[in-house]
Amino acid sequence: MALLIRNADIVNADSRSKADIWIENETITRIGTGLDAPPGAETIDAAGRMAFPGFIDPHVHVYLPFMSTFAKDTHETGSIAALVGGTTAYIEMVCPSRLDDPLEAYQLWKGKAAGASACDYTFHMAATRFDAHTEGQLTEIVRDGIASFKIFLAYKNFFGVDDGEMYQTLALAKKLGVIVTAHCENAELVCRLQQSLLAQGRTGPEWHEPSRPESVEAEGTARFATFVENTGAAGYVVHLSSKGALDAAMAAKLRGVRLWVESVLPHFLLDKTYAERPGVEGMKHVMSPPLREKRNQKMLWDALARGFVDTVGTDHCPFDTSQKLLGKDAFTQIPNGIPGIEERVSLMYTYGVKHGGLGIDRFVDALSTRAAKLFGLFPRKGTIAVGSDADLVIWDDAHRGKLTAAAQHSNCDYNGFEGMEVEGRPAVVTVRGKVQVRDGKFIGERGRGLLLKREPAYY
Ligand code: URP
Ligand code: ZN
Ligand code: ZN
């Protein structure tokens with residue numbers, strides 16, 4: 001397979017240049033001007049268009065048994081949604097419950113993706129308890145190429161770990177040289193506040209946010225940072241949504257703790273009034289941490305522009321309307337999650353780069369390069385360079401559109417960003433040199449995606 005992309009405006013996180021990109025055997029082998037294509041090679045003219053390294057979503061749920069049901073996507077639907085939106089690799093969370101066997105779960109999650117994903121993928125392995133077997137099991141999973149763990153401080157008795165288990169997971173991660181990603185909310189406070197609100201007859205989705213207020217997230221973030229500090233491990237706060245949590249993370253960063261911060265698409269663009277909409281409309285916008293007061297959005301955009309928020313993921317987690325209605329009598333039963341894997345790149349480009357003053361270099365860094373570096377994928381992924389995988393997004397800056405559930409590829413009957421305008425979308429998306437998407441349509445090879453094996457990094 002040979003492909004020449006002519007006259008691209010190559011936008012990397014650390015450089016910008018106009019050049020041709022020559023791809024052989026899935027890899028970029030030359031970048032230069034006036035490159036010749038041998039007869040028979042496929043050629044794409046990218047004149048006047050930006051070419052980005054394939055975008056990476058570091059926080060995705062495809063297969064997720066959660067809250068008495070399952071997230072709706074398969075790797076077929078989720079990966080096509082990702083690719084149409086410009087995401088060429090994602091990191092899915094393997095999330096066994098506390099009662100499940102971690103090795104069996106890992107094999108189960110791997111089996112669901114193998115041969116099904118149209119884009120490349122890897123996993124964060126969740127440690128949802130720590131017992132006599134955990135060290136051996138997690139070590140085996142790291143040896144198989146999974147160089148990151150996940151812990152939940154929230155979701156008591158299901159995914160959640162206690163402080164002792166958090167300590168043990170971080171100490172093991174330090175020993176193995178892998179990074180620990182963490183959902184940071186105080187589980188006990190969430191449970192108590194939920195019970196108290198329900199007891200007062202406050203059952204609708206508008207009470208989800210008050211049951212997990214900003215202080216609950218700030219406490220979880222500060223505690224995780226303190227544990228990272230005292231184990232010498234490397235930590236990554238997922239889906240940070242509010243100012244107190246960012247203050248806690250920044251304080252830790254400033255005292256030298258190896259801590260990185262992810263925020264996710266919904267928190268940049270949606271606020272808590274979406275979850276206050278009547279009936280199922282509000283339920284569609286229930287996720288955790290919850291959609292916040294609007295003032296947090298400016299804080300997140302500013303922090304992103306300055307690199308205090310390192311990465312932008314989605315926390316893609318599609319539950320359809322009938323599943324959301326499981327919580328019609330109590331907000332605590334609404335499956336938590338909003339899909340977004342298809343919308344992330346265009347929305348962050350539109351409201352960040354085009355209308356928010358976000359630098360194009362930081363955009364590429366936050367949506368691709370920094371995740372590749374943190375999670376052991378760089379320079380194979382996350383940059384347009386000789387030797388890197390030919391995962392490319394050639395950008396159609398002239399595109400204008402509106403997001404709708406009817407047009408989306410994720411297997412969900414609603415779109416959390418319904419009606420929002422986008423300016424720009426991928427014109428061409430390649431995965432290791434193969435064109436998978438043109439102008440919003442998947443035209444590629446299903447099942448092309450590979451499991452990306454990653455080495456420990458000893459941060
Ligand atoms: O609401 C969310 N975020 N659902 C998915 C599970 C998680 O906490 O990431
Ligand atoms: Zn979470
Ligand atoms: Zn998540």
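Both ligands and their constituent atoms are indexed starting at 1 by order of listing.
Between K150 and ligand 1, no pair of N/O atoms sits closer than 3.5 Å.
Under a 4.0 Å criterion applied to the non-hydrogen atoms of Y155, ligand 1 contributes the atoms 2 (C), 6 (C), 7 (C), 8 (O). The ligand atoms of ligand 1 that sit less than 4.0 angstrom from a heavy atom of H61 are 5 (C), 6 (C), 7 (C), 9 (O).
The Zn ion (ligand 3) has an N, O or S atom of H59 under 2.8 Å away, backbone or side chain. Counting backbone and side-chain atoms alike, H61 contributes an N/O/S atom closer than 2.8 Å to the Zn ion (ligand 3).
Side-chain contact, N296 with H267: no donor N or O sits under 3.5 Å from an acceptor N or O.
Nearest to atom 4 (N) of ligand 1 by heavy-atom distance, out of T181, D315, N336, is N336.
Annotation: cation-pi geometry satisfied between K150 and F152 (NZ/CZ under 6.0 angstrom from ring centroid, within 45° of ring axis). For the pair K324 and F319, the cation-pi test (distance below 6.0 Å, angle within 45°) is failed.
The side chain of H183, and not its backbone, has at least one atom closer than 4.0 Å to an atom of ligand 1 (non-hydrogen atoms only; side chain from C-beta on). When non-hydrogen atoms are compared, ligand 1 lies under 4.0 Å from neither the backbone nor the side chain of M93.
For D315, the N/O/S atom at the shortest distance from the Zn ion (ligand 3) is named OD1.
For the side-chain contact (heavy atoms from CB on, under 4.5 Å) with F149, the lone residue among L170, L176, V94 that qualifies is L176. For the side-chain contact (heavy atoms from CB on, under 4.5 Å) criterion with V237, the lone passing option out of T221, T181, V228 is T221.
Between K156 and E188 a salt bridge is recorded (basic side-chain N to carboxylate O distance below 4.0 Å). Look at R98 and E165 and you find a salt bridge, because one of the NZ, NE, NH1 or NH2 atoms lies within 4.0 Å of a carboxylate O, short of that distance.
At the top of the distance list for atom 1 (O) of ligand 1, counting protein heavy atoms only, stands S288 N, 2.8 Å.
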